[in-house]
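Worksheet: the structure to be examined is printed underneath.
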Amino acid sequence: MLVITIPKGKKEIVADALFKYDVTLYQSTLARGTMDKTMTKEVMFAIVKESRVKDAIYKVEDKMTIFKSKVSMVYAIPLHNIIGVQSYMSLINEGDKNGN
């Protein structure tokens, strides 16, 4: 799962950039800064196949260069360590090992 913090209103730019990296699900929510309570950001959570994570992160970082704000970041959390193999395979459209 990619976790992406971006300026408010920029999620479509990042979502479009991730489209070719087999994102099967993404969700975004508003967040506030801890240092500056008036700063509003968006946090995106995107499910990406493990084999595509590195390329997806590079693409998101490239898109972040166009944002004037310095509140952007992207990092990955391996879901298979958190949710179990069956759920992980379902989220990345792989089904189970029997082809289901």
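Every heavy atom of this structure was used, including side-chain atoms; hydrogens, water molecules and symmetry mates were not.
Taken from CE in Met1 to OH in Tyr75, the straight-line distance is 7.5 Å, to the nearest 0.5 Å. With values rounded to the nearest 0.5 angstrom, Ile4 atom CD1 is found 15.5 Å from Lys10 atom NZ. Between the NZ atom in Lys59 and the CG atom in Asp62 there is a gap of 5.5 Å [rounded to 0.5 Å]. Rounded to the nearest 0.5 angstrom, Lys41 NZ and Thr5 OG1 are separated by 6.5 Å.
Criterion: ILVMFWY side-chain heavy atoms under 4.5 Å apart, direct or through other members. Under it, Leu25 and Tyr21 are not part of a common hydrophobic cluster. Follow the hydrophobic side-chain contacts under 4.5 Å out from Phe67 and you never reach Tyr58; the two are in separate clusters. One hydrophobic cluster, built from ILVMFWY side chains closer than 4.5 Å, holds both Ile6 and Ile66.
For the pair Asp16/Phe19, no side-chain contact is recorded, criterion being any heavy-atom separation below 4.5 Å from C-beta on. Residues Val53 and Leu2 meet the side-chain proximity criterion, which asks for heavy atoms closer than 4.5 Å. In this structure, the side chains of Lys8 and Leu30 come closer than 4.5 Å at one or more pairs of heavy atoms. Contact of the Val74 side chain with the Glu61 side chain is registered, since non-hydrogen atoms from C-beta on lie closer than 4.5 Å. Between Tyr26 and Ile47, the closest side-chain pair of non-hydrogen atoms is not below 4.5 Å.
Under the 3.5 Å distance criterion, the side-chain polar atoms of Glu42 are matched with a main-chain donor or acceptor of Gly9. With hydrogens and angles ignored, the 3.5 Å screen pairs a side-chain donor or acceptor of Arg52 with a backbone N or O of Lys20.
Taking all atoms of both residues into account, the shortest heavy-atom contact from Ala46 to Leu18 is CB-CD1, 4.1 Å. Taking each heavy atom of Ala17 and Lys63 in turn, the nearest pair found is CB-CG, 3.6 Å. Closest approach of Met44 and Ser28 over heavy atoms only: CG-CB, 3.8 Å.
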